[in-house]
Structures are given as structure tokens and as C-alpha cells.
Amino acid sequence: MAVLGLGLAALGRPEYLTVGHGASLGADRSVDALRARCEQVCDAAWAGGIRWFDAARSYGLAERFLAGWLTGRDVAAEDVTVSSKWGYTYTADWRPHAEVQEVKDHSAAALARQWPQTEALLGPWLRLYQVHSATLESGILDDAAVLRDLAALGVPVGLSLSGPGQADTLRRALTVRVDGAPLFSAVQATWNLLEPSAGAALGEARAAGWTVIVKEPLANGLLAVPGPATQALGDHPDVTALAAALAQPWADVVLCGATTVAQLRSNLTAATAPAPDPDRHTGLAVDPETYWSRRSTLRWT
């Protein structure tokens, strides 16, 4: 069975695409307030047994917050797994309701700029560096120069996926070689009860020896709040949705994205919850094109 990890996307910047994110953060979204909240949630995660923490260059100050927490708590490098990502730049600069929050760039120049920043902050703990939201359209999987630069970093390399073409991108990535050797060894993909379409491809990656990480198991909060849309998931839909992801035979790590300690503690109960009947919630799934179209309309809050 997979283990829970903590994704820091919603803890490293004042606005994020998660339902209820703004209400969870409250009025004080200063850098100091977000740092304190991130440390509190990381403390609760550590106490609950979480040992995988995921960040990205575009998650505002998440890498800095995480590095400060790891240093302040004297966490040994061998006791934790940290993953991060490059390819997006956070551009909102802590401005509320900025029209553009982040900019995607999978160029060699972007990698050359972002990798040293990540290494300087997280180097001792970093175990995986990923291309952020790789797609076939971005061209990253055909850019020989960038692929060679990734291979030369000296850390395991993976890729995260997004969009309705996740499975196609992953299957293409499984074939990528640099000097005859496979480049990628891990994938981080969206899988949840609303959008399970990448499941078969993720199984293929796991069979090839890759580490498989599930992101957005709560569908950016849509599966976390009790209501008509989640009635079939019971009184604690977050637990049911996370348990479903944890039960996937190809999953190694399932990232929760809690913004508060209370959310984190609720998420943690999924680790010991019974696995849901795999056929019970299949009716929740929607067409991938529909899912990703709806996701693109979510507001940064």
C-alpha cells in the first residue's frame, strides 16, 4: 500500500487553486504567517508519520519554508525524502489576485537558473527533481539539450503531469533515453475519483520500476468538502478519496495538500481507513477533457 506525503503548493504562496484555500488561510497571508503555518503543518505531518515532502520552484516560498523547517528541526537527510520541481516561475510576487500567478518555461535556460536555486536550499535532503507539468505540447521530451542537462544533475529525475493527455505523455516519457540509459525514474500525476484516466499508464510506469506519486487526490478540494457532490463518499469525503488513491496497486506515494493542521490530521486517518470498494465510486469519474476544462476555471483564492 502507498504512503501519504505532503505537498506544499498551498502552503508556499498566498493564493492557490484549491476550493476554500482563502478561507483556510484567513486574513493574514504575510510571508511570516505563511512560514509559521507551513511549519505547523509540517510538524503535524511529521508527528503523523509523513516522511515525503514535495515542493516546486513555482510554489512561492515553499522550498525556502521547507528548508528552514528541515534545518530548524534538525531533520537528518537520511530520515526524509524531499522532491521538488522546475519549469514554472512564480510571478505573482505575493500580490493579491495577480492576473498571472506563474509562467511555464521548460527551456535549458530555465533549468540552468532554477536548479541551483533548489540545490542551494534543499540539496542535502533532495532525492528527486522533476519536470513540472510536462506535456507533449511543451516539447520537453524532445529537447535533447535539456534532457542531457537533466541527466547531468546527479539526482534522480522525474516528471509531473497535467491535462487530459497525462497517459500519452507518460508513455512517451517511458521511452526517453540519454546515452542509451533511461532518464526518468519517477512520475507525479493527477489521479482521483473524478479523473482516474491515467491509471493504466501509471501501472505501466510502476511495472517499469518507476516511483509513482499521486497528486491532487482530492481534486483541488472538490472531493474534500461534504456536500451533494461528495455525498457518495460519506461524512468524511477527504478520507474516502485519499484511501481510494492509497489503495491503487501502482501507487507509492499519495500527496495530500492540507492547508491547516486540522485538515492534515483528517487526511492522516486515510492511512488506516479501509480501502473503498473499487467499483463503488466509478460513477464519479468524468471525461478527462471535461475535468481539466473545469479545473482551468477554478479561482486562485
Trainee: Using only heavy-atom distances, determine whether the side chains of Thr91 and Gln101 contain a donor-acceptor pair under 3.5 Å.
Mentor: no
Trainee: Within the supplied structure, the quantity of interest is the number of heavy atoms (other residues, nucleotides, ligands) at a distance under 6.0 Å from Arg177 CZ; does it exceed 12?
Mentor: yes
Trainee: Could you tell me the separation between the SG atom of Cys42 and the CZ atom of Arg73, rounded to the nearest 0.5 Å?
Mentor: 8.5 Å
Trainee: Going only through I, L, V, M, F, W and Y residues with side-chain contacts under 4.5 Å, is there a path from Val131 to Leu8?
Mentor: yes
Trainee: So which pairs with a foot in residues 132-167 pass ring pair (Phe, Tyr, Trp, His ring centres under 6.0 Å), sequence neighbours left out?
Mentor: Tyr59-His132, Tyr88-His132
Trainee: Kindly indicate, with the supporting measurements, whether the criterion side-chain contact (heavy atoms from CB on, under 4.5 Å) is fulfilled by Arg57 and Lys85.
Mentor: CA-CA 6 Å; Arg57 287 306 305 158; Lys85 299 179 283 293; over 6 Å; no
Trainee: Closer than 3.5 angstrom, by distance alone: can the side chain of Arg64 be matched with the main-chain N or O of Leu61 as a donor-acceptor pair?
Mentor: no
Trainee: Locate the shortest heavy-atom distance separating Leu34 from Arg13; write the atom from each residue and the value.
Mentor: CD1-O, 4.1 Å
Trainee: Would you say Thr211 and Asp252 are linked by a side-chain donor-acceptor pair, where the criterion is simply a distance under 3.5 Å?
Mentor: no
Trainee: When you measure from the side chain of Asp277 to the backbone of Asp279, do you find a donor-acceptor pair of N or O atoms at a distance under 3.5 Å?
Mentor: yes
Trainee: For the residue pair Pro237 and Pro226, establish whether any side-chain heavy-atom pair is separated by less than 4.5 Å.
Mentor: yes
Trainee: Count I, L, V, M, F, W, Y as connected when their side-chain heavy atoms are under 4.5 Å apart, and connections chain through other members. Are Ile140 and Leu128 then in the same cluster?
Mentor: no
Trainee: Does a salt bridge link Arg299 with Glu15, judged by any charged N lying under 4.0 Å from a carboxylate O?
Mentor: no
Trainee: Working to the nearest 0.5 angstrom, can you tell me the gap between Leu298 CG and Thr18 OG1?
Mentor: 8.0 Å
Trainee: Identify whether Val157 and Trp210 are in the same connected component of the hydrophobic contact network (ILVMFWY, side-chain heavy atoms under 4.5 Å).
Mentor: yes
Trainee: Is any side-chain heavy atom of Ser162 closer than 4.5 Å to one of Trp292?
Mentor: yes
Trainee: Between CG of Leu141 and OG1 of Thr175, what distance do you get to the nearest 0.5 Å?
Mentor: 8.0 Å
Trainee: Could you check whether Arg294 pairs with Glu195 (Lys NZ or Arg NE/NH1/NH2 to Asp/Glu carboxylate O, under 4.0 Å)?
Mentor: no
Trainee: Check for a donor-acceptor pair, side chain of Thr169 on one end and backbone N or O of Gly165 on the other, with a separation under 3.5 Å.
Mentor: yes
Trainee: Look up atom SG in Cys256 and atom CD in Gln263, then write down how far apart they are to the nearest 0.5 Å.
Mentor: 9.5 Å
Trainee: Taking the side chain from Asp79 and the backbone from Val75, do they hold a donor-acceptor pair closer than 3.5 Å?
Mentor: no
Trainee: Does Thr230 reach the main-chain N or O of Val225 with its side chain, forming a donor-acceptor pair under 3.5 Å?
Mentor: yes
Trainee: Heavy-atom distance under 4.5 Å between the side chains of Arg37 and Asp28, does that happen here?
Mentor: no
Trainee: Honestly, is Arg51 close enough over Trp46, meaning NZ or CZ under 6.0 Å from the six-membered ring centre and within 45° of the axis?
Mentor: yes
Trainee: Verify the neighbour count for atom NE2 of His281: are there more than 12 heavy atoms of other residues, nucleotides or ligands below 6.0 Å?
Mentor: yes
Trainee: Does a side-chain heavy-atom distance below 4.5 Å link Leu70 with Val82?
Mentor: yes
Trainee: Can you measure from OG1 (Thr297) to CG (Leu17) and round to the nearest 0.5 angstrom?
Mentor: 9.5 Å
Trainee: Provide the closest heavy-atom pair for Trp94 versus Ser30 in the form atom of the first, atom of the second, distance.
Mentor: NE1-C, 3.7 Å
Trainee: Between Glu63 (side chain) and Ala55 (backbone), is there a donor-acceptor pair under 3.5 Å?
Mentor: no
Trainee: Report yes or no: does Trp250 contribute a side-chain atom to a donor-acceptor pair with the main-chain N or O of Ala207 at less than 3.5 Å?
Mentor: no
Trainee: Can you list the steps and then say if Glu216 with Leu255 is a side-chain contact (heavy atoms from CB on, under 4.5 Å)?
Mentor: CA-CA 7 Å; Glu216 301 180 1; Leu255 297 174; over 6 Å; no
Trainee: Where do Val239 and Thr269 come nearest, in terms of heavy atoms and distance?
Mentor: CG2-OG1, 3.1 Å
Trainee: Have Tyr291 and Asn192 got a donor and an acceptor in their side chains that come within less than 3.5 Å?
Mentor: yes
Trainee: Does the side chain of Thr259 come within less than 4.5 Å of Val41's, by heavy atoms?
Mentor: no
Trainee: Side-chain atoms of residues 181-189: list all donor-acceptor pairs with protein atoms under 3.5 Å, sequence neighbours left out, distances to 0.1 Å.
Mentor:
residue	atom	partner	partner atom	Å
Gln188	NE2	Asp54	OD1	3.2
Gln188	NE2	Gln130	OE1	3.1

Trainee: Is a side-chain N or O of Ser160 found less than 3.5 angstrom from the main chain of Ser133, in a donor-acceptor match?
Mentor: yes
Trainee: Take Asp43 and Gln40 through the side-chain contact (heavy atoms from CB on, under 4.5 Å) test and state the conclusion after the steps.
Mentor: CA-CA 5 Å; Asp43 281 340; Gln40 291 166 1; 5.5 Å; no
Trainee: Using modelled atom types only, decide if a donor and an acceptor are shared between the side chain of Thr71 and the backbone of Ala67 within a distance under 3.5 Å.
Mentor: yes
Trainee: Output, in order, the C-alpha distance, side-chain angles, deciding distance and verdict of side-chain contact (heavy atoms from CB on, under 4.5 Å) for Phe65 and Leu11.
Mentor: CA-CA 9 Å; Phe65 292 166; Leu11 289 166; 5.9 Å; no
Trainee: Is the ring centre of Trp300 less than 6.0 Å from the ring centre of His21?
Mentor: no
Trainee: What is the minimum heavy-atom distance between Arg113 and Pro116, and which atoms define it?
Mentor: O-CD, 3.5 Å
Trainee: With a 4.5 Å heavy-atom cut-off, do Leu150 and Leu111 have their side chains touching?
Mentor: yes
Trainee: For the rings on Trp69 and Phe53, is their centre-to-centre separation under 6.0 Å?
Mentor: yes
Trainee: So, Thr118 and Trp86: side-chain donor and acceptor under 3.5 Å apart, yes or no?
Mentor: no
Trainee: Around atom CD of Glu78, are there more than 12 heavy atoms from other residues, nucleotides or ligands closer than 6.0 Å?
Mentor: yes
Trainee: To check you understand the geometry: which heavy-atom pair defines the closest contact between Leu223 and Leu233, and what is its length?
Mentor: CD2-CD1, 3.9 Å
Trainee: Following the transitive rule for hydrophobic clusters with a side-chain heavy-atom cut-off under 4.5 Å over Ile, Leu, Val, Met, Phe, Trp and Tyr, establish whether Leu218 and Leu4 coincide in one cluster.
Mentor: yes
Trainee: Testing the basics here: between Ala77 and Trp125, what is the closest heavy-atom pair and its distance to 0.1 Å?
Mentor: CA-CD1, 3.6 Å
Trainee: If I take atom CG from residue Leu161 and atom OG1 from residue Thr190, how far apart are they, to the nearest 0.5 angstrom?
Mentor: 8.0 Å
Trainee: Would you check if Ser83 and Trp52 make a side-chain contact, meaning some heavy-atom pair closer than 4.5 Å?
Mentor: yes
Trainee: Without swapping roles, check the side chain of Ser24 against the backbone of Gly20 for a donor-acceptor pair under 3.5 Å.
Mentor: yes
Trainee: Are Met1 and Leu202 connected in a single hydrophobic cluster, I mean Ile/Leu/Val/Met/Phe/Trp/Tyr linked by side-chain heavy atoms less than 4.5 Å apart?
Mentor: yes
Trainee: Just checking Arg29: does its CZ atom have more than 12 heavy atoms from other residues, nucleotides or ligands closer to it than 6.0 angstrom?
Mentor: yes
